[in-house]
S.K.: 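Have a look at this one.
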Amino acid sequence: MDLGCAEETSSFMSGFIRECGGYVVIDGGFATELERHGADLNDPLWSAKCLIDSPHLVRRVHLDYLDAGANIILTASYQATIQGFEAKGFSREEAEALLRKSVEIACEAREIYYDQCAKESWGIMENVKKSRRPILVVASVGSYGAYLADGSEYSGIYGDTITLETLKDFHRRRVQILANSGADLIAFETIPNKLEAKAYAALLEEEGIEIPAWFSFNSKDGINVVSGDPIAECASIADSCKKVVAVGVNCTPPRFIHGLVASIRKITSKPVLIYPNSGEMYDAQNKQWVESSGDVDEDFVAYIVKWQEAGASLFGGCCRTSPKTIRAISKALSDKN
């Protein structure tokens, strides 16, 4: 099946992976880092709330991940929707400006980091070790369930009234804005069902989106995405869309990643990305994470090399991971490669 998405851009990501040395490090959890820096995220907008009242904290978290070795930083737009901002009293124009702001802040962080690298090379900054390396700013798009803020992004169950057209209409303007805000790539994250993947693929075609994209699904059993749709069928949608340059999984317990990478590799030759959560499970009813046993960082990083051997090329962390996690991932990959 070919959904006819614009010109083939698969060489974009494979070229970036080569430029980075054969593997790419993605950043980690955003909301918990914002909270660690003092942000109050008890709000339907979640981390997007900081675009309004604490943009300096958003920039700080981006810089923390760049300092940890990330090649990719994702914008704070996962839960930023025009509909969500309007529900908080913002106008359509203000909502669109906040979406653009998420990309602007990430781009600013990259420039600040590069400036610090230059100052270090000139001997202006002492006792600071920063490496200038390829860095992409990736615009994050969360699912319809993320906007609902009711946990349905972890179930993929939207109800019979939500159709392909409903989802396309919901996402259309946000995708248009983010794709034209200066980001290098757009990431459709935590995709919980096949229907939403189809909606994204259709939008990329219909809107003539010029920047490449990645599709990342979430799973709670290692075989299907959270709605019960087989991961193979979901990966096939991504494989058929020429604008999609990488496909993988995020916000998924580490124990399922190896099998999911193998399943995706059977479907597509596109680069596979993985950025699991810490292994904790989200309790949607009580809106909290339920702890798992074991040390988060050590358990997580121990699998990285095996995931690379299984066929993954891009590695990071999702919920409840930190710059410490990303630094450890970067070191593990550097030591092996």
Side-chain angles (χ1 to χ4, degrees), residues 26 29-31 41 43-49 74-85 87 95 99 102 138-179 185-204 207 209 213-221 224-231 233-235 237-238 241 243-244 246-253 260 273-277 281-284 287 289 316 318-319:
I26 305 171
F30 214 86
L41 303 184
D43 190 281
L45 291 175
W46 199 41
S47 56
K49 176 175 178 283
L74 288 136
T75 61
S77 52
Y78 176 81
Q79 206 140 332
T81 64
I82 293 171
Q83 298 89 336
F85 287 131
L99 286 171
S102 71
V138 176
S140 169
V141 172
S143 69
Y144 177 68
Y147 155 71
L148 296 176
D150 62 358
S152 57
E153 68 196 290
Y154 301 107
S155 71
I157 307 302
Y158 293 162
D160 295 337
T161 60
I162 302 301
T163 66
L164 182 71
E165 292 302 317
T166 306
L167 293 173
K168 285 163 58 178
D169 290 343
F170 174 80
H171 288 294
R172 190 180 305 275
R173 186 57 182 156
R174 173 166 63 152
V175 170
Q176 291 172 337
I177 293 291
L178 290 173
L185 185 145
I186 189 164
F188 297 97
E189 302 189 89
T190 325
I191 307 174
N193 55 46
K194 189 164 63 173
L195 183 66
E196 199 147 22
K198 287 180 177 179
Y200 291 145
L203 279 180
L204 289 171
E207 299 304 320
I209 301 302
W214 83 43
F215 280 12
S216 185
F217 301 89
N218 59 333
S219 172
K220 56 186 176 185
D221 63 7
N224 308 300
V225 297
V226 292
S227 65
D229 295 329
I231 186 67
E233 294 180 11
C234 294
I237 295 168
C241 185
K243 267 297 180 184
V244 174
V247 57
V249 290
N250 72 291
C251 209
T252 295
L260 289 165
L273 55 94
I274 56 99
Y275 47 117
N277 59 31
M281 300 297 290
Y282 187 70
D283 180 345
K287 296 187 182 298
W289 288 89
C318 200
C319 297

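Below, all heavy atoms of this structure are taken into account, side chains as well, without hydrogens, waters or symmetry copies.
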S.K.: By ring-ring contact (aromatic ring centres under 6.0 Å, His included), which residues pair with Tyr158, not counting sequence neighbours?
M.R.: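 Here the qualifying residues are Tyr144.
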S.K.: What heavy-atom pair brings Asp150 and Gly145 nearest, and what distance separates the two atoms?
M.R.: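 In this case the closest contact between Asp150 and Gly145 is OD1-O, 4.0 Å.
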S.K.: Heavy-atom distance under 4.5 Å between the side chains of Leu164 and Leu195, does that happen here?
M.R.: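 Result yes, sub-4.5 Å side-chain heavy-atom pair found.
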S.K.: Got a second to check how far Ser77's OG is from Ile177's CD1, nearest 0.5 Å?
M.R.: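 Those atoms lie 12.0 Å apart.
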S.K.: Any donor and acceptor pair, going by atom type alone, linking the side chain of Ser227 with main-chain N or O of Pro192 inside 3.5 Å?
M.R.: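 Yes; judged by distance alone, with no hydrogens or angles, the pair exists.
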S.K.: Any luck finding a side-chain donor-acceptor pair between Glu153 and Tyr147 under 3.5 Å?
M.R.: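 Judged by distance alone, the side chains do not pair up.
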S.K.: Tell me, do Lys194 and Val225 make a side-chain contact under 4.5 Å, heavy atoms counted?
M.R.: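 A side-chain contact is absent here, since even the closest heavy-atom pair is not under 4.5 Å.
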S.K.: Under the side-chain contact (heavy atoms from CB on, under 4.5 Å) rule, what do Val141 and Leu178 come out as? Steps first, then yes or no, please.
M.R.: CA-CA 9 Å; Val141 172; Leu178 290 173; 3.7 Å; yes
S.K.: Could you grab the distance from atom NZ of Lys243 to atom CH2 of Trp214, nearest 0.5 Å is fine?
M.R.: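 Lys243 NZ to Trp214 CH2: 16.0 Å, rounded to 0.5 Å.
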S.K.: Taking side-chain hydrogen bond (donor to acceptor under 3.5 Å, both in side chains) as the test, write out the residues that go with Ser47, two or more places apart.
M.R.: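 In terms of side-chain hydrogen bond (donor to acceptor under 3.5 Å, both in side chains), with neighbours along the sequence ignored, Ser47 is linked to no residue.
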S.K.: Is a side-chain N or O of Gln79 found less than 3.5 angstrom from the main chain of Ala146, in a donor-acceptor match?
M.R.: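 Such a contact is found between Gln79 side chain and Ala146 backbone.
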S.K.: Would a distance-only check, ignoring hydrogens and angles, find a side-chain to backbone donor-acceptor pair under 3.5 Å from Glu207 to Gln176?
M.R.: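 The answer is no, because no donor-acceptor pair under 3.5 Å joins these two groups.
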S.K.: Minimum heavy-atom separation for Ile231 to Phe217, with atom names?
M.R.: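 Between these two residues, the closest heavy atoms are CD1-CB, 4.0 Å.
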S.K.: Measure the spacing between OG of Ser143 and CD of Glu189 and express it to the nearest 0.5 Å.
M.R.: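 Reported value, rounded in 0.5 Å steps: 10.0 Å.
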S.K.: Quick check against the 3.5 Å criterion: does Thr252 have a side-chain atom that pairs as donor or acceptor with the backbone of Val249?
M.R.: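 It does not hold such a pair.
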S.K.: Between Thr81 (side chain only) and Gly84 (backbone N and O only), is there a donor and an acceptor less than 3.5 Å apart?
M.R.: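 Side chain of Thr81 to backbone of Gly84: a pair is present.
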S.K.: Quick check: do Ile186 and Val138 have side-chain heavy atoms less than 4.5 Å from each other?
M.R.: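 No. Closest side-chain heavy atoms not under 4.5 Å.
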S.K.: Quick one: side-chain hydrogen bond (donor to acceptor under 3.5 Å, both in side chains) partners of Asn250, sequence neighbours excluded?
M.R.: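 Asn250 satisfies side-chain hydrogen bond (donor to acceptor under 3.5 Å, both in side chains) with Thr190, Ser216 only.
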S.K.: Mind checking the CD-CG spacing from Glu196 to Asp229? Nearest 0.5 Å is all I need.
M.R.: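 These two atoms lie 11.5 Å from each other.
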S.K.: To the nearest 0.5 Å, what is the distance between OH (Tyr200) and CZ (Phe215)?
M.R.: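 Here the interatomic distance stands at 8.5 Å.
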S.K.: side-chain contact (heavy atoms from CB on, under 4.5 Å), that's the test. Do Cys251 and Tyr154 meet it? Break it down for me.
M.R.: CA-CA 9 Å; Cys251 209; Tyr154 301 107; 3.7 Å; yes
S.K.: Please say which of Asn193, Leu167, Ile237 ends up in a side-chain contact (heavy atoms from CB on, under 4.5 Å) with Lys198.
M.R.: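 Filter result, single survivor: Ile237.
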S.K.: Please check this pair: side chain of Thr75 against backbone of Ser140, looking for a donor-acceptor N/O pair closer than 3.5 Å.
M.R.: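 Such a contact is found between Thr75 side chain and Ser140 backbone.
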S.K.: Testing the basics here: between Asn224 and Ser219, what is the closest heavy-atom pair and its distance to 0.1 Å?
M.R.: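 Looking at all heavy atoms of both residues, the closest pair is O-OG, 2.6 Å.
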S.K.: Just so I know, are the side chains of Ile191 and Asn218 near enough to count as touching, which here means a heavy-atom distance under 4.5 Å?
M.R.: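 No; the side chains remain at least 4.5 Å from each other.
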S.K.: Go through the steps for Ser152 and Ser155 under the test side chain to side chain donor-acceptor pair (under 3.5 Å), then give the verdict.
M.R.: CA-CA 5 Å; Ser152 57; Ser155 71; 5.3 Å; no
S.K.: To the nearest 0.5 Å, tell me how far Ser102 OG sits from Tyr78 OH.
M.R.: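 Between atom OG of Ser102 and atom OH of Tyr78 there are 14.5 Å.
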S.K.: Check Thr161 against Thr166 and note the closest heavy-atom contact, atom names and distance.
M.R.: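 Thr161 and Thr166 have their closest heavy atoms at O-OG1, 3.8 Å.
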